[in-house]
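A short write-up of the structure that comes next.
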Number of protein chains: 2
Amino acid sequence: MSLHSHTKENYLKTLYLMSIDKDNVSINELAQKLGLKMPTVTSMMQKLAADRLVKYEKYKPIHLTEKGKKEAGLIIRKHRLTEMFLVEVMKFGWEEVHDIAEQIEHINSPVFFKKMDEMLGFPEHDPHGSPIPDRTGNIKQAVRHPLCDFNSGESVVITGLARSEDDFLKFLNRKNIGLGTILNIIEKEEYDGSMRLKHGKRELLLSRPVCEELFAEIAAGT
Amino acid sequence: MSLHSHTKENYLKTLYLMSIDKDNVSINELAQKLGLKMPTVTSMMQKLAADRLVKYEKYKPIHLTEKGKKEAGLIIRKHRLTEMFLVEVMKFGWEEVHDIAEQIEHINSPVFFKKMDEMLGFPEHDPHGSPIPDRTGNIKQAVRHPLCDFNSGESVVITGLARSEDDFLKFLNRKNIGLGTILNIIEKEEYDGSMRLKHGKRELLLSRPVCEELFAEIAAGT
DNA sequence: ATATATTATTAGACGCATCTAAGTTTTTAT
DNA sequence: ATAAAAACTTAGATGCGTCTAATAATATAT
Ligand SMILES: [Mn+2]
Ligand SMILES: [Mn+2]
Ligand SMILES: [Mn+2]
Ligand SMILES: [Mn+2]
């Protein structure tokens with residue numbers, strides 16, 4: 001039953017997450033993301049290919065195999081379950097949990113994560129709105145709509161984030177925006193794409209880049 | 001601020017725990033305990049000596065330095081806090097937690113363990129009755145009395161265990177013995193050192209080896 | 001189409017943690 | 001006191017994951 005090194009697990013997870021946005025991941029991009037040099041990554045790809053976790057051909061983009069996707073999915077599952085546990089059970093802020101989860105995702109103990117899952121009532125999303133893969137490592141990837149795609153007059157609920165770096169999360173904390181926050185779109189500014197919104201009783205202005213990184217849905221009952 | 005490899009942390013912790021019982025730990029004994037060959041341990045002792053964590057002289061027994069004791073104490077603190085968290089918060093059995101704690105003790109996140117500590121109300125002992133070192137890594141080592149040292153007629157409370165291997169813990173589960181269990185000593189058998197005890201309404205016979213591995217105190221209010 | 005820049009691979013090295021084989025020191029037994 | 005056994009160290013090797021320097025392939029620009 002599986003068991004790879006901490007190092008290999010990080011390669012798999014990173015590769016999986018990168019493959020969601022861009023379906024052609026290069027050695028160079030992966031090296032950048034992992035903070036490693038290209039030859040290091042090339043060498044690891046050769047090893048992961050030998051493990052049948054990636055499909056690798058010289059000078060070609062890298063792809064995970066089905067086996068690789070499953071392994072990656074299970075690590076991401078542990079990461080996201082952990083983040084949820086840290087927020088819901090241990091009462092950490094959503095901006096504090098990623099670095100801890102980055103370590104706990106490598107713990108080898110099915111019963112530990114099973115217990116987390118139970119305590120949380122089998123959550124389907126992490127504290128940043130990302131889907132939690134199922135016990136087989138499979139991710140149910142829903143279509144997500146950036147806030148900037150909605151129109152004035154619409155009432156939307158925030159359901160996810162494109163990035164969860166903690167500076168962004170702290171920014172959202174200051175603006176009192178979280179998952180489930182309901183926003184009414186007052187106006188979209190033509191010139192710079194910023195949006196004027198009603199948040200409860202207050203009025204709020206969000207810049208275009210921020211609106212691109214917030215996912216939303218039409219609020220229920222509107 | 002510190003930060004040693006997972007590997008070095010395990011050497012320090014093991015050395016510390018062995019030094020409590022035997023104050024002269026040999027390369028051979030440490031190698032046995034860690035499941036490694038002697039040359040491996042010799043080589044690591046030379047490295048830890050260079051780090052000023054152990055005092056090492058060729059062919060002499062090994063001792064931790066004050067710095068080494070502190071590092072070790074902090075790892076043991078994380079281990080025991082984790083075990084307590086797993087039992088009290090996550091409702092694991094005391095026989096399930098050691099292996100998980102063995103991994104989580106290496107997590108580097110002061111805030112994570114601080115939160116555990118708070119949630120648990122700053123416990124002083126782990127689920128097996130062993131003392132939890134303080135935030136500086138210092139262990140308050142109390143004198144402990146094995147059950148076999150008490151006399152017939154005495155009423156005692158179980159406060160700790162000499163070993164916490166899970167076969168022993170499961171044995172105690174079957175006998176319904178845990179920390180806080182009160183036992184009345186009916187009789188000590190001269191021949192084999194076994195003890196006949198009253199446990200609630202039931203009568204119980206414990207062999208000498210078991211009585212040596214249970215720590216007890218005279219029960220309060222007797 | 002050719003030159004240039006970018007991306008990727010290979011070769012060779014290093015530190016960590018481990019091993020085996022060989023030799024040395026210390027302890028134990030006779 | 002001597003021999004034998006046990007404990008310990010040194011030397012040298014291996015696998016993992018990383019690096020730099022050198023080389024090769026691919027992509028981009030002129
Ligand atoms: Mn995360
Ligand atoms: Mn990780
Ligand atoms: Mn333990
Ligand atoms: Mn450990």
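Per chain, numbering begins at 1; letters A, B, ... match sequence-line order.
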- [ ] Compute whether any side-chain donor of one residue and acceptor of the other, for B:Asp126 and B:Trp94, lie under 3.5 angstrom apart.
- [x] no
Task: d(NZ, A:Lys58; P, C:dT10) in whole Å - done: 4 Å
- [ ] Could you tell me whether B:Glu213 and B:Arg163 have a side-chain N and a carboxylate O separated by less than 4.0 Å?
- [x] yes
TODO: Please work out which residues in residues 42-51 of chain A have a non-hydrogen atom less than 4.0 Å from an atom of DNA chain D and list them by number.
DONE: A:Ser43, A:Met44, A:Lys47
- [ ] Establish, yes or no, whether a centroid distance under 6.0 Å links the rings of B:His79 and B:His98.
- [x] yes
Task: Residues in salt bridge (Lys or Arg N to Asp or Glu O under 4.0 Å) contact with B:Glu29, at least two apart in sequence or another chain - done: B:Lys22
TODO: Between C:dT18, C:dT24, D:dG17, spot the one nearest the side chain of B:Tyr59, thanks.
DONE: C:dT24
Open item on the list: Once salt bridge (Lys or Arg N to Asp or Glu O under 4.0 Å) is applied, do any residues pair with B:Glu96, and if so which ones, sequence neighbours excluded?
Closed with: none
Task: Nearest atoms (heavy-atom pairs only) where A:Arg144 meets A:Thr159 - done: NH2-O, 4.2 Å
TODO: Counting heavy atoms from C-beta on, name the nucleotide in C:dA21, C:dA17, D:dT18 closest to the side chain of B:Lys8.
DONE: C:dA17
Task: N/O (side chain, B:Tyr56) to phosphate O (OP1/OP2, D:dC8) under 4.0 Å - done: no
Task: Strand-adjacent residues in residues 17-37 of chain A, judged by heavy atoms under 4.0 Å from DNA chain D - done: A:Leu36, A:Lys37
Open item on the list: According to salt bridge (Lys or Arg N to Asp or Glu O under 4.0 Å), who are the partners of A:Glu105, at least two apart in sequence or on a separate chain?
Closed with: A:Lys13
TODO: Measure from CD1 on A:Ile62 to P on C:dT7 and round the result to the nearest Å.
DONE: 14 Å
Open item on the list: Does the plane of the ring in B:His145 sit parallel, tilted or perpendicular to the ring in B:Phe150? Use 30° and 60° as the thresholds.
Closed with: perpendicular
Open item on the list: Quick check on the helix from C:dA1-D:dT30 to C:dT30-D:dA1: what's the angle between its two end axes, five base pairs per end, to the nearest 10°?
Closed with: 0°
- [ ] Mind calculating the distance between CE (A:Met38) and C1' (C:dT10) to the nearest angstrom?
- [x] 13 Å
Task: Over 12 non-hydrogen atoms of neighbours within 6.0 angstrom of NZ in A:Lys67 - done: yes
- [ ] Calculate the interatomic distance between A:Asn10 atom CG and D:dC16 atom P; express it in whole Å.
- [x] 17 Å
Task: Length of the line joining B:Glu9:CD and C:dC16:P, which is rounded to integer Å - done: 16 Å
- [ ] State plainly whether the residues B:Arg80 and B:Glu83 are in salt-bridge range, i.e. N to O under 4.0 Å.
- [x] no
TODO: Check whether NZ of the Lys or CZ of the Arg A:Lys69 lies under 6.0 Å from the centre of the six-membered ring of A:Tyr16 and within 45 degrees of that ring's axis.
DONE: no
